[in-house]
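All chains are named by letter (A, B, ...) in the order of the sequence lines, taking the proteins before the strands, and each is independently numbered beginning at 1. Computed over heavy atoms, backbone and side chain alike; hydrogens, waters and symmetry mates excluded.
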There are 2 protein chains.
Amino acid sequence: MTQYEHTCMIRGDGGSTVRAVLDRICDKWTLLVVATLDEGRLRFGELHRHIPGISQRMLTLTLRNLQRDGLVSRTAHAEVPPRVEYALTDLGRSLIPPALALAGWAVEHNARIQASRAAYDGG
Amino acid sequence: MTQYEHTCMIRGDGGSTVRAVLDRICDKWTLLVVATLDEGRLRFGELHRHIPGISQRMLTLTLRNLQRDGLVSRTAHAEVPPRVEYALTDLGRSLIPPALALAGWAVEHNARIQASRAAYDGG
DNA sequence: CAGTATCCTGATAGATACTG
DNA sequence: CAGTATCTATCAGGATACTG
């Protein structure tokens with residue numbers, strides 16, 4: 001079977017289902033947060049330290065969106081000082097394999113893309 | 001083997017390789033253009049008609065970027081009126097399987113995500 | 001036909017400071 | 001510790017008009 005018979009899944013409803021997912025995972029931090037949480041349950045501050053460059057604000061926003069979509073669970077313990085733990089849900093974990101497929105493609109073809117880009121820009 | 005041992009591919013270099021790819025395919029039209037070109041070689045106007053809602057400007061920009069990265073080839077025929085054909089390169093075609101993995105996840109879990117979102121927003 | 005050229009707007013995200 | 005609250009810069013992308 002050719003790939004063509006499958007790409008209807010992308011073009012399906014004019015692309016809006018797939019786009020809805022891309023809108024979710026294609027921002028600057030989401031995939032990184034999901035991959036980091038794949039290590040296991042982590043606290044806010046731990047996440048912050050594990051993801052270089054992310055601001056508190058963006059970590060908060062990213063976690064809220066993931067929680068809203070049911071990919072991440074948030075557990076607040078009634079203690080002082082506060083302790084809040086984040087973990088992937090089953091739904092969140094199910095995103096890992098397709099994300100890895102894309103990551104694999106990225107790693108595998110990155111050099112070639114960079115070369116093509118350099119050639120295009122050069123002349 | 002757990003998924004965890006693999007997610008280093010995403011977090012690898014602080015996530016910058018994977019992000020470079022996401023930056024490429026996660027804009028509003030790229031994946032749709034690639035999926036459409038998987039049908040075969042198409043002219044600019046044909047692409048325009050096959051992708052509802054895209055403007056000439058965005059189609060041009062998207063095609064230029066894809067061409068720059070070596071995912072799409074552009075063939076201009078010296079005729080009047082002008083005829084320009086676009087097609088996926090081997091590199092472009094290689095993106096289809098991982099893209100389909102993601103699309104499959106999107107289609108499969110979309111309803112659950114929407115439900116979670118509605119529940120979160122509701123209360 | 002296959003694009004360019006402009007103008008314009010909303011959303012993304014960085015920096016910084018503050019708080020229960 | 002785990003966040004909010006503001007302010008701001010940037011930019012993707014839409015609308016519209018024009019051209020070799």
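Look at A:Arg93 and A:Asp38 and you find no salt bridge, because none of the NZ, NE, NH1 or NH2 atoms lies under 4.0 Å from a carboxylate O. Salt bridge status for A:Arg43 with A:Glu85: absent, with no side-chain N to carboxylate O gap under 4.0 Å. Using a 4.0 Å cut-off between charged nitrogen and carboxylate oxygen, A:Asp23 and A:Arg19 count as a salt-bridge pair.
Partner B:Asp69 forms a side chain to side chain donor-acceptor pair (under 3.5 Å) with one of A:His109, A:Arg117, A:Gln114 and no other, that one being A:Arg117.
Comparing A:Glu46 and A:Arg19 along DNA chain D, the residue whose closest nucleotide (by nearest heavy atom) sits nearer the 5' end is A:Glu46. Taking the nucleotide of DNA chain D with the nearest heavy atom to each of B:Cys26 and A:Phe44, the more 5' of the two is matched to A:Phe44.
Listed pair B:Arg43 / C:dA2 meets the phosphate criterion, a side-chain N or O lying under 4.0 Å from OP1 or OP2. Residue A:Arg74 places at least one side-chain N or O under 4.0 Å from the OP1 or OP2 atom of D:dG3. Between B:Tyr86 and the phosphate of C:dG3, there is a side-chain N or O to OP1/OP2 separation shorter than 4.0 Å.
With hydrogens and angles left out, the side chain of A:Arg57 and the base of D:dG3 share no donor-acceptor pair within 3.5 Å.
Base pairing of D:dG13: its partner is C:dC8, meeting the Watson-Crick or G-U wobble criterion (both donor-acceptor distances under 3.5 Å). D:dA5 is paired with C:dT16 under the criterion used here, namely a Watson-Crick or G-U wobble arrangement in which both key atom distances are under 3.5 Å.
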